[in-house]
Amino acid sequence: MNNRLIETLAGAAVIAVAIGFAAYSYSRAGIESVDGYELSANFNRIDGLSVGNDVRISGVKVGSVTGQELDPKSYMAIVKMTVRGDIELPADSSAKIASDGLLGGKFVALEPGGDIDMLAPGGEIEYTQGSVNLEELIGQVIYSSGGGSGGNSSDSPQ
């Protein structure tokens, strides 16, 4: 009987610590929703971008991705995002899908333009750059650096 009580208390302590770690991780993860206005942008590729990913200006989080869909006419990916209400973006601002590093996640990087007019809530960012597919890029580098099988080598005697 005494042995079961000790095991039960140890199990309860493990569960309490696990709940504590989960709560701490959630509070430090920055998963809070952003209140503001919605914008949209059309991209040719959004590989790796997910709902909830950051929207950043100069590396500072100013919003989050709220939705993704495919335009059936142009086959472009439509990304919907929320930007903080205190951030006003010029109408000629641009958006690109950027990466946190080689193995990092994706985010939308906004670059403010210089226009006098500002994007209205529900507006669309016209100037976009889709994500870069690293596998294709590495494949191009590998296959382009492989020399041809001709006699035009610089090592051959003249």
Side-chain angles (χ1 to χ4, degrees), residues 1-90 93-113 118-146:
M1 174 83 177
N2 191 20
N3 200 15
R4 283 190 179 172
L5 179 63
I6 292 172
E7 290 176 357
T8 303
L9 291 175
V14 168
I15 290 173
V17 169
I19 291 172
F21 277 130
Y24 177 75
S25 297
Y26 182 77
S27 69
R28 302 296 290 165
I31 302 178
E32 70 275 354
S33 64
V34 175
D35 292 329
Y37 60 99
E38 186 171 279
L39 295 174
S40 65
N42 296 336
F43 294 94
N44 61 343
R45 299 183 74 106
I46 59 168
D47 299 328
L49 188 71
S50 301
V51 172
N53 284 83
D54 291 352
V55 174
R56 301 179 188 174
I57 298 176
S58 300
V60 177
K61 181 178 178 178
V62 296
S64 60
V65 175
T66 58
Q68 301 174 351
E69 57 188 58
L70 182 68
D71 183 358
K73 294 179 182 166
S74 67
Y75 299 106
M76 298 281 281
I78 302 169
V79 175
K80 296 187 183 300
M81 62 195 92
T82 303
V83 176
R84 283 190 346 220
D86 62 331
I87 306 290
E88 290 186 347
L89 288 170
S93 296
S94 64
K96 69 177 180 178
I97 308 296
S99 179
D100 270 333
L102 275 176
L103 300 175
K106 302 283 186 169
F107 63 93
V108 177
L110 298 178
E111 296 181 20
M118 299 296 164
L119 284 169
E124 181 179 336
I125 298 173
E126 292 184 38
Y127 306 107
T128 62
Q129 177 183 346
S131 67
V132 176
N133 189 337
L134 289 177
E135 291 87 11
E136 286 180 11
L137 193 62
I138 291 170
Q140 288 177 353
V141 169
I142 290 171
Y143 291 120
S144 69
S145 66

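Note that this is a predicted model, so its numbers are computed, not measured.
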Only pairs under 3.5 Å count here: list side-chain donor-acceptor contacts from residues 121-129, not counting sequence neighbours, and write none if there are none.
residue: Glu124; atom: OE2; partner: Asn42; partner atom: ND2; Å: 3.2
residue: Thr128; atom: OG1; partner: Asn42; partner atom: O; Å: 2.6

Full working for side-chain contact (heavy atoms from CB on, under 4.5 Å) between Leu39 and Leu119: CA-CA 8 Å; Leu39 295 174; Leu119 284 169; 4.2 Å; yes

Separation of Ile87 CD1 from Tyr37 OH (nearest 0.5 Å):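 Between Tyr37 OH and Ile87 CD1, I get 7.5 Å after rounding to 0.5 Å.
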
Nearest heavy-atom pair of [X] and [Y]: which atoms, and what distance?
| X | Y | value |
| --- | --- | --- |
| Pro112 | Ser93 | CA-OG, 3.4 Å |
| Leu110 | Ala95 | CD2-CB, 3.6 Å |
| Pro90 | Gly113 | CG-O, 3.3 Å |
| Met81 | Ala41 | CE-CB, 4.0 Å |
| Ser131 | Lys106 | CB-NZ, 4.1 Å |

Criterion side-chain contact (heavy atoms from CB on, under 4.5 Å) on Val55 and Thr82, from CA distance to verdict: CA-CA 8 Å; Val55 174; Thr82 303; over 6 Å; no

4.5 Å side-chain heavy-atom contact, Val51 and Thr66: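 Side-chain contact under 4.5 Å: no.
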
Close side-chain approach of Asn53 to Val108, heavy-atom, < 4.5 Å: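 Answer no - side chains too far apart.
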
Full working for side-chain contact (heavy atoms from CB on, under 4.5 Å) between Ile138 and Tyr143: CA-CA 9 Å; Ile138 291 170; Tyr143 291 120; over 6 Å; no

By side-chain hydrogen bond (donor to acceptor under 3.5 Å, both in side chains) - contacts of [X] (at least two apart):
| X | value |
| --- | --- |
| Ser74 | Asp71 |
| Asp47 | Arg45 |
| Arg56 | Asp54, Asp100 |

Residues that Ala77 engages under side chain to side chain contact (heavy atoms under 4.5 Å, CB included), provided they are two or more places apart: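 Only Ile46 meet the side chain to side chain contact (heavy atoms under 4.5 Å, CB included) criterion with Ala77.
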
Set of side chain to side chain contact (heavy atoms under 4.5 Å, CB included) partners for Glu88, sequence neighbours left out: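 By the side chain to side chain contact (heavy atoms under 4.5 Å, CB included) rule, Glu88 matches Met118.
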
Is [X] reaching over with its side chain to a backbone N or O of [Y], donor-acceptor style, under 3.5 angstrom?
| X | Y | result |
| --- | --- | --- |
| Ser40 | Lys80 | no |
| Thr8 | Arg4 | yes |
| Tyr75 | Asn44 | no |

